[in-house]
Amino acid sequence: MRTHTCGQLRDTHVGQTVTLAGWVNNYRDHGGLIFIDLRDREGVTQLKFDPDLAGSAHKVAEGLRHEDVVRATGKVVDRGVNDKGQALANPKLATGQIEIEVSELVILNKASTPPFTPDDAQTSEEIRLRYRYIDMRRPQMQNILRTRHRVAKIIRDYCDKHGFYEVETPFLCRSTPEGARDFLVPSRLQPGSFYALPQSPQLFKQILMVGGVDKYIQIVRCFRDEDPRADRQAEFTQIDLEMSFVEPDDVMSICEGMIREVWKQVLGVDVPKVERMCYAEAIGRFGSDRPDLRFGMELVDVSDLAQQTDFKVFRGAIEAGGLVKVICVPGAGGGSMSRKETDALAEWVKQFGAGGLPTCKIESGKLTTGVAKFLESISTALIERTGAKDGDLLCFGVSPRKTVVHRTLSELRVKLAHDLKMIKPGQWKWLWVVDFPMVEWNDEQKRWDSLHHPFTAPLDADLDKIESDTANVKSKAYDLVLNGSELGGGSIRIHRPDVQQRVFKLLGIDEEAAKMKFGFLLDALQYGAPPHGGLAFGLDRLVMHLVGTSNIRDVIAFPKTQMGADLMTEAPAPVDDAQLKELSLRVQTHAKPDKAV
RNA sequence: GGGGGUGUAGCUCAAUUGGUUAGAGCAUCGGACUGUCGAUCCGAAGGUUGCGGGUUCGAGCCCCGUCACCCUCGCCA
């Protein structure tokens, strides 16, 4: 149907007769000459219709409009010069040196007037999603789809080279109450029973290791029925892998190599040896287990100094078992920040549970404004420890709850870095965060929760501390962090049923419950499970980094809105009564029961 | 479930303190034009101001409700 694409022809093709096919990107009708910009996936080529050379083609071309689908045959000609001797080439187009002198034009499909055109970058996302098929014609979207394809291809090739098998795991699974809310699928054959869509193939990949698969990879859809965010979608894709007879280093090394290959091939960027930081240090210095290392403003613990003051806010927090930490916002930003702006920050941090945000400035080597008057006795020590200079702003994180201090300052640090444009573009700051605690205390539910998941192995040295010194048990878990976002995480798994039982017990999953929910895993571990571990990357987030967007919907061909709707297909939608009946389901529509009660 | 933002022509936006017939650019339609490339020029058509109530002599604007989209808290082992 065509001999070339619309991004292919150069002056070396001049003289050839070619056939192109594509969409009408734009048209310019001069009454005599007509120019059409023809677009396909690969680019844009200008078609020229000259009434004197090909009258019938010119006649057809007069009727062309945006997004008509056509096929054109003609001769490749150099654009040459106009009668004033000016070059007619278009430097904005890769094919701008040439044009096609069309002799034959076929309209393959006349398009209705489109709601927007692919070259309109201003169209709202809502409209783009409703007409995704038009949106996808935009070069930016084509680039994203191509990048995503290439990432998947590079990863498959890399894993193949390293001896991984790609194995498919079920989508119709058993519901496990841990973790996120499940999407449920009713069973027709077993009324009243349900499948759950997988939140991840975690258990299956472990079973594959027991089954001797040795190395497993899958690029697989996962489902979590939670509210979406800018970087989160109910349906997302993991690069899921698992290996047998490995230590954490083996997994990290394979994953690092994979990332290195992707960044090299897609961006031409070399990823250096990735540094490691233990969880405790990450929390201490950055307040986060996924620190952004592209800028400073590290957290400084000043609890000991705060205790020496008469400032009730500080003393009260510490006496209640809390913390006072501070970040120093350097230079112009801090010094020039107005009272109104710092008040706004104080309001902003309340969403993380902080009572407010005490601040003060440094002028002439002294603390001024804000809470400075309460801190006179410790001002010298404070300035020395934070390294604050004139014009800097100190922001204090204060709370009886350490996690609130860390969350607040961690979020504030990132916000200020963005607001004050402290992040130089084009940086890739990688980090392995390791030595996670195995569990954390859930104060509301009064129980231990897994930090990673219940199958994460504790460090060998910590095996006897599981019951006696639970809070200090570290696990063989590792997260790969890029520019402050978690790209992937994994762990070495528990491969002994007795250890797995102890961990379940610790998490409040008694033997009977464990048997009911994870019996097949415990069984499998009894029949010769090799030591094994793995990791899962979020493919969507990875592609987001590669193409430079903060919107996950940009990297998904057919994404959903915050209400879980597909604006194009209008899913979800009600179903026929007959379908419900077949599934033994009845829908209960409740008219505002909450407000009635 | 909570907080914030947005909703006006097909698209992107404007509309003074609540005040005449709700405007502009692009797209669409008609006309002109033989070197444009965001073509240009002339003309036309295009509106339930998301939806439903209310206040008012008068509502795009104020109030109540509701829907959709976005950001966010909770949630996301």
Closest approach to the side chain of A:L567, judged atom by atom: which nucleotide of B:C69, B:C73, B:G35 is it?
B:C69

Applying the Watson-Crick and G-U wobble criteria at under 3.5 Å, what pairs with B:C61? Answer none if nothing qualifies.
none

Below 3.5 Å, does any donor atom in the side chain of A:R79 face an acceptor in the base of B:U36, or the other way round?
yes

If we take the C1' atom in both B:G7 and B:C61, what is their distance in whole Å?
14 Å

Figure out the CZ/P separation between A:R493 and B:A77, and round it to whole Å.
14 Å

Tell me yes or no: between the side chains of A:D292 and A:N483, is some donor less than 3.5 Å from an acceptor?
no

For B:C11 versus B:U16, give the span between their P atoms, rounded off to a whole number of Å.
23 Å

Hydrogens and angles aside, do A:Q46 and A:R28 bring a side-chain donor and acceptor to less than 3.5 Å of each other?
yes

Among side-chain atoms of A:D182 and A:S175, is any donor-acceptor pair under 3.5 angstrom?
yes

Using a 4.0 Å heavy-atom cut-off to protein, can you give one letter per nucleotide of nucleotides 27-33 of chain B, 5' to 3': B if the base is in contact, S if only the sugar-phosphate is, - if neither?
SSS---B

Between atom CZ in A:R447 and atom P in B:A77, what is the gap in whole Å?
12 Å

Gap in Å between the two C1' atoms, one belonging to B:C37 and one to B:A59, rounded:
46 Å

Using purine N1 to pyrimidine N3 plus N6-O4 or O6-N4 for Watson-Crick, or N1-O2 and O6-N3 for G-U wobble, both under 3.5 Å, which nucleotide pairs with B:G23?
B:C13

Checking base pairs now: Watson-Crick or wobble, both atom distances under 3.5 Å. What partners B:A44?
B:U28

Taking NE2 from A:H452 and C1' from B:C76, how many angstroms apart are they, rounded to a whole number?
14 Å

Residues in contact with RNA chain B, drawn from residues 483-491 of chain A - heavy-atom cutoff 4.0 Å:
none

Considering every strand shown, what is the Watson-Crick or G-U wobble mate of B:G35 when both distances are under 3.5 Å?
none

Less than 4.0 angstrom between a side-chain N/O of A:R553 and OP1 or OP2 of B:C71, yes or no?
yes

B:U34 C1' sits how many Å from A:E99 CD, rounded?
12 Å

Could you work out the separation of B:C70 and B:G58 based on their P atoms and round it to a whole Å?
38 Å

Pairwise P distance for B:G60 and B:G50, with rounding to whole Å
10 Å

Exercise: do A:T549 and A:N551 side chains pair donor with acceptor under 3.5 Å
no

Taking only the P atom of each, what is the distance from B:U55 to B:C73 in whole angstrom?
41 Å

May I ask you to check whether A:F286 and A:H406 place their ring centres under 6.0 Å from each other?
no

Ring-ring centroid check A:F171 A:F223, cutoff 6.0 Å
yes

Can you tell whether the side chains of A:E67 and A:R39 come within less than 4.0 Å, N to carboxylate O?
yes

Face-to-face contact A:F116 to B:C11 six-ring, under 5.5 Å, under 30°
no

Taking atom C1' in both B:G4 and B:G74, compute the distance separating them and give it to the nearest angstrom.
15 Å

Partner nucleotide of B:U49 by Watson-Crick or wobble geometry (both distances under 3.5 Å):
none

Distance between the P atoms of B:U56 and B:A15, in whole angstroms?
28 Å

Need the pair for B:G7. Rule: Watson-Crick or G-U wobble, both distances under 3.5 Å, any strand; none if unpaired.
B:C67

I want to check something: taking the side chain as every heavy atom from C-beta on, are A:F436 and A:D289 in contact at a cut-off of under 4.5 Å?
yes

Side-chain donor/acceptor contact of A:R28 with base of B:G38 under 3.5 Å
no

